[in-house]
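Residue numbers start at 1 and run along the sequence shown.
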Amino acid sequence: MAFDHRALQQRLDAAGYIAEDSLAMALTLAIDLQRPLLLEGEAGVGKTEVGKALARVLGARLIRLQCYEGLDAGAAIYEWNYQRQLLAIRAHEAEGMKADAMERHVFTEEYLLRRPLLEAISQEKPPVLLIDEIDRADEEFEAYLLEVLSDFQVTIPELGTIAAKAVPHVVLTSNGTRALSDALRRRCLYAYVEFPDEAKEVRILRAHLPDADQQILQQIVGFVQRLRREDLEKKPGVAETIDWARALIGIGLDRLDRDPATLQATLMCLLKTDADLKAVSPEVTARLIGKVA
């Protein structure tokens, strides 16, 4: 499937993701060049949603690898189904099968558990492989990725090299909690995802809440935009904005200054630490409302 970046931008819009020109261009080039795309930005800006939206646009299967400290090849690439192998070995021993023949039998694809990276290169149709929060994984794990991202193949000692049947569309995300290796960056195209500006965030809310009144959506976005400028431990992301909008509309608030006490109680949708909830006092909330209502 080939299209220019503006066509992709329109299709992403229709799929519920409002993309900047630069991001649409990065995605288009990643598709055309069959290169992984590394997305960096603060938590909550919508990086993960890029991979999900791309899968919807392409009509492709989404395969997601959520990274974490201690992630290894067994959880990310493959591992052997040891329980099935053990049962097979016992059965073959009872049949009198020789050890070398037994080994050849149990180390076959029948006993292989495919984890996300191997699963992604095993598809007949290119999937979207979302490697989420790669910065949370250990530096050693990046070495496992290099073969996949360079040649789209995986080497399994017992089976040899398994090459991709179809090159997956790879999207990696990083919140910048640690520096990524130069080797990983060289293999990727790159885009930095910012928090949306006010106009774009209103468009995002309208896409998710098409029947909502424009005035309340404008006030909600104005409030959140200003809230992000406060001294917070965790700035509310786009997903939090959507949750808050749904909460306010669900309880019938048509203006932010309609019921200050109720509004204050709903800030749990935006603020996710005790320190932030305490920092945004009713006085701070009133000050922010005064700028948008």
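Smallest separation of non-hydrogen atoms from G59 and K125: O-NZ, 2.9 Å.
For R178, the side chain to side chain contact (heavy atoms under 4.5 Å, CB included) test picks out D135, E139, E142, L180, with sequence neighbours left out. In this structure E158 satisfies the salt bridge (Lys or Arg N to Asp or Glu O under 4.0 Å) test with no other residue, sequence neighbours excluded. Annotation: side chain to side chain donor-acceptor pair (under 3.5 Å) contacts of R35 (sequence neighbours excluded): none. Under the side chain to side chain contact (heavy atoms under 4.5 Å, CB included) criterion, Q219 pairs with Q215, I216, R255, L256, A293, not counting sequence neighbours. For the salt bridge (Lys or Arg N to Asp or Glu O under 4.0 Å) test, residues two or more places apart in sequence or in another chain that qualify with K200 are E20. The side chain to side chain contact (heavy atoms under 4.5 Å, CB included) search around Q34 returns V167, not counting sequence neighbours. Annotation: salt bridge (Lys or Arg N to Asp or Glu O under 4.0 Å) contacts of R187 (sequence neighbours excluded): none. The salt bridge (Lys or Arg N to Asp or Glu O under 4.0 Å) test applied to E42 returns K235, not counting sequence neighbours. D213 is linked by a side chain to side chain donor-acceptor pair (under 3.5 Å) to nothing, counting only residues two or more places apart in sequence or in another chain. S122 pairs by the side chain to side chain contact (heavy atoms under 4.5 Å, CB included) definition with R114, L118, not counting sequence neighbours.
Tracing side-chain contacts under 4.5 Å through hydrophobic residues (I, L, V, M, F, W, Y), one reaches L209 starting from I251; they form part of the same cluster. In terms of hydrophobic clustering, with Ile, Leu, Val, Met, Phe, Trp and Tyr side chains grouped at heavy-atom distances under 4.5 Å, V45 and V238 are assigned to different clusters. Note on L29 and V193: same hydrophobic cluster, where clusters join Ile, Leu, Val, Met, Phe, Trp and Tyr whose side-chain heavy atoms are under 4.5 Å apart, directly or indirectly. Hydrophobic clustering of Ile, Leu, Val, Met, Phe, Trp and Tyr side chains at less than 4.5 Å, counting indirect connections, unites V280 with L277.
With Q218 as reference, V202 is the one residue of L205, V202, V292 to meet the side-chain contact (heavy atoms from CB on, under 4.5 Å) rule. Screening T266, D259, I220 against L253 for a side-chain contact (heavy atoms from CB on, under 4.5 Å) leaves a single residue, D259.
Salt-bridge formation is detected for the pair R115/E79: a Lys NZ or Arg NE/NH1/NH2 atom is positioned less than 4.0 Å from an Asp or Glu carboxylate oxygen. Using a 4.0 Å cut-off between charged side-chain N and carboxylate O, R203 and E198 make no salt bridge. Electrostatic pairing of K47 and D132 does not count as a salt bridge here, judged by no charged N lying under 4.0 Å from a carboxylate O.
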>> Working note: R11 + Q9, criterion side chain to side chain donor-acceptor pair (under 3.5 Å); need CA distance, chi angles, decisive distance, verdict.
In response: CA-CA 5 Å; R11 297 187 66 163; Q9 190 176 31; over 6 Å; no
> Stepwise, does the side chain to side chain donor-acceptor pair (under 3.5 Å) test hold for E201 with T241?
Replying inline: CA-CA 9 Å; E201 197 158 15; T241 306; 2.8 Å; yes
> Can you list the steps and then say if L23 with Y17 is a side chain to side chain contact (heavy atoms under 4.5 Å, CB included)?
Replying inline: CA-CA 11 Å; L23 178 56; Y17 190 90; 3.8 Å; yes
>> side chain to side chain contact (heavy atoms under 4.5 Å, CB included) for M25 and L8? Distances and angles first, verdict last.
In response: CA-CA 8 Å; M25 176 62 79; L8 178 60; over 6 Å; no
>> Using side chain to side chain contact (heavy atoms under 4.5 Å, CB included), reason through L227 and L232 one step at a time and then give a plain yes or no.
In response: CA-CA 9 Å; L227 182 62; L232 300 175; 4.1 Å; yes
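Counting heavy atoms from C-beta on, the side chains of L62 and L129 never come closer than 4.5 Å. Taking the side chain as every heavy atom from C-beta outward, L184 and I134 approach each other to under 4.5 Å. Looking only at side-chain heavy atoms (C-beta outward), F141 and L145 come within less than 4.5 Å of each other. Between I289 and P260, the closest side-chain pair of non-hydrogen atoms is not below 4.5 Å. With contacts defined as side-chain heavy-atom distances shorter than 4.5 Å, the pair E230/R287 qualifies. Between D4 and T28, every side-chain heavy-atom pair lies at or beyond the 4.5 Å cut-off. Side-chain contact check for L39 versus V171: some heavy-atom pair is nearer than 4.5 Å. Looking at heavy atoms from C-beta onward, I242 lies in side-chain contact with R246 at the 4.5 angstrom threshold.
The side chain to side chain donor-acceptor pair (under 3.5 Å) analysis of residues 276-285, with sequence neighbours excluded, yields the pairs Q264-T285, T273-D276, D274-K278, S281-E283. Listed by first and then second residue, the ring pair (Phe, Tyr, Trp, His ring centres under 6.0 Å) pairs involving residues 185-240 are F223-W244 (not counting sequence neighbours).
With rounding to the nearest 0.5 angstrom, the CZ atom of F107 is 9.5 Å from the CG atom of L159. Residue I131 holds its CD1 atom at 12.0 Å from CZ of R64, rounded to the nearest 0.5 Å. Distance CD/Q83 to CG/L113: 9.5 Å, rounded to 0.5 Å. Summarising the geometry, atom CZ belonging to R185 is positioned 10.5 Å from atom CG belonging to L172; distances are rounded to the nearest 0.5 Å. For the atom pair CG (L12) and CZ (R56), the distance works out to 9.0 Å, reported to the nearest 0.5 Å. The CD1 atom of I249 sits 5.0 Å away from the CG atom of L217 when rounded to the nearest 0.5 Å.
Surrounding CD of E69 are at most 12 heavy atoms belonging to other residues, nucleotides or ligands under 6.0 Å away. Annotation: Y144, atom OH; neighbour count of heavy atoms from other residues, nucleotides and ligands within 6.0 Å does not exceed 12.
At distances below 3.5 Å, not a single donor-acceptor pair connects side-chain atoms of D13 with backbone N or O atoms of I18. Listed for the E240 side chain is a donor-acceptor partner under 3.5 Å among the backbone atoms of G237.
Side-chain contact of T48 with T173: a donor-acceptor pair under 3.5 Å is absent, judged by distance alone.
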